[in-house]
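Right, one structure below, let's go through it.
All values reported here derive from a predicted model rather than from experimental measurement. Just so you know, ligand 1 is whichever comes first in the structure, and atom 1 is the first atom listed for that ligand.
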Amino acid sequence: MTLEDLYRRGLVLLGCGKMGSAMLEGWMAGGLPAGSVWVVDPHPSEWLCSRAGDGVHLNDDFPENPAIVLLAVKPQLMEDALPQVARFGGGGTLFISIAAGKTLAYFAGRLGRGTPIIRSIPNTPAAVGRGITGLIGNGEVRESHLRLAETLLSSIGQSVRLDDESQMDAVTAVSGSGPAYVFYLIEALAAAGEAQGLPPAMALKLARATVAGAGHLAEQASEDPAQLRVNVTSPGGTTAAALEVLMDAETGFAPLLRRAVAAATDRGRELGR
Ligand SMILES: NC(=O)C1=CN([C@@H]2O[C@H](COP(=O)(O)OP(=O)(O)OC[C@H]3O[C@@H](n4cnc5c(N)ncnc54)[C@H](OP(=O)(O)O)[C@@H]3O)[C@@H](O)[C@H]2O)C=CC1
Ligand SMILES: O=C(O)[C@@H]1CCC=N1
C-alpha cells in the first residue's frame, strides 16, 4: 500500500478533536489533498468546518474502499463509535488507532481477525510538524502498511516502532501525555518567577522561551541532556542552588516524575480493560 493508494482510495478519520485535528492539520500542510479525507465527528470545530470548505468530506457518505481508517475517538467512546467503520474490516483497509489503552486484540475482536491494525500514540506537537508517534502492528500488518504509516507520520514529526505491544502504555505515559507535563513546567516556572517579583507577562515570556529553547538545544546538540545541564551549572552558582532542590533523591523532580509516569501507565492499562 502506497501514498498514491491513500490519495486515490481515501482516508477516513473517525473523531476529529484535539489529536485528530492536530494530525490532519499536519498532513494537509504536508500535501494530503483535502478531497482524499473523510471526517466523521458529531460536533465539528470551526477549524474543521473551514477544512470542509477546502474540500474535506465532513460527515458525508464514506468512500467505497478507503485505504486507511484512523480511529481518533476517546477510548471510552470507542465501543459506540467503531460500528460506523466496522464494515471496512477484514483485509483491504488499514486501521490505525491512536486511542490510549485500547489493544490490538480489542480491535481485532471487533473488526475481524484478518484486519491489518496499527496501534499508535502520537502527541499534539504534530500540529506543528514536531510530534513523535510510537507504533506497532498486529500480525496482519505488512511492511508496506508500516512504511505507509511512517510516511504519513513523517509529515507530522518522528516515529518509533515498538518492539512489543506491552511497551505502549509506557510510551503513552512518556510521549503521548508528555507535552502536558512540559506545558505545566512552563506554567510552574512562570509562577515561580512571579513569586520572585516578576510581572506575569514577563515571567511567562521567559519561561516559555526557556523551555522551547532548551528543548531545541537538546535536540540539536551533540552532547546528551546531562552534559547540557552541567554546561549551565557553574560550581557554587545559581543553577547549583536550584538543582540541589530539584535533584533531591526523595523530594526532587526524578521521583515525582517517576510517580507521574507510573500513574499514567497504570491508567493506560485500565483504559484497555
Ligand atoms: N490529546 C492528545 O494529546 C492525545 C490523544 N490521544 C488519543 O486520541 C484520541 C482522541 O483524543 P482527543 O483528540 O484528545 O479527544 P477529543 O475528545 O478532543 O476528540 C475526540 C473527537 O471524537 C468525537 N466523537 C465522539 N464520539 C464520536 C463518534 N461516535 N464518532 C465520531 N466521532 C466521535 C468527539 O466529539 P465530541 O467532542 O462532540 O464528543 C471529538 O471531537 C483518544 O483516544 C486519546 O487517547 C493519543 C495521543 C495524544
Ligand atoms: O490523556 C490521555 O488519555 C491522552 C492519551 C495521551 C495524551 N492524551
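At the top of the distance list for atom 4 (C) of ligand 2, counting protein heavy atoms only, stands A100 CB, 4.8 Å. At the shortest separation from atom 1 (O) of ligand 2 among protein heavy atoms lies S177 OG, 4.5 Å. Of all protein heavy atoms, the one lying nearest to atom 7 (C) of ligand 2 is G176 O, 3.4 Å.
For E150, the side chain to side chain donor-acceptor pair (under 3.5 Å) partners are R161, not counting sequence neighbours. By the salt bridge (charged side-chain N to carboxylate O under 4.0 Å, His left out) test, R147 pairs with E143, sequence neighbours left out.
Each salt bridge (Lys or Arg N to Asp or Glu O under 4.0 Å) pair with one or both residues in residues 38-57, not counting sequence neighbours, appears once here: R51-D54.
With rounding to the nearest 0.5 angstrom, the CG atom of L228 is 5.0 Å from the CD atom of E223. With rounding to the nearest 0.5 Å, the separation of CG in L104 from CD1 in I117 is 6.5 Å.
Note: W38 and H57 have parallel aromatic rings, judged against thresholds of 30 and 60 degrees for the angle between ring planes.
In this structure a side-chain-to-backbone donor-acceptor pair under 3.5 Å is missing from S155 to W27.
Contact residues for ligand 1 (protein heavy atom closer than 4.0 angstrom to any ligand atom): L14, G15, C16, G17, K18, M19, V40, D41, P42, H43, A72, V73, K74, P75, L77, A81, Q84, I98, A99, A100, I121, P122, T124.
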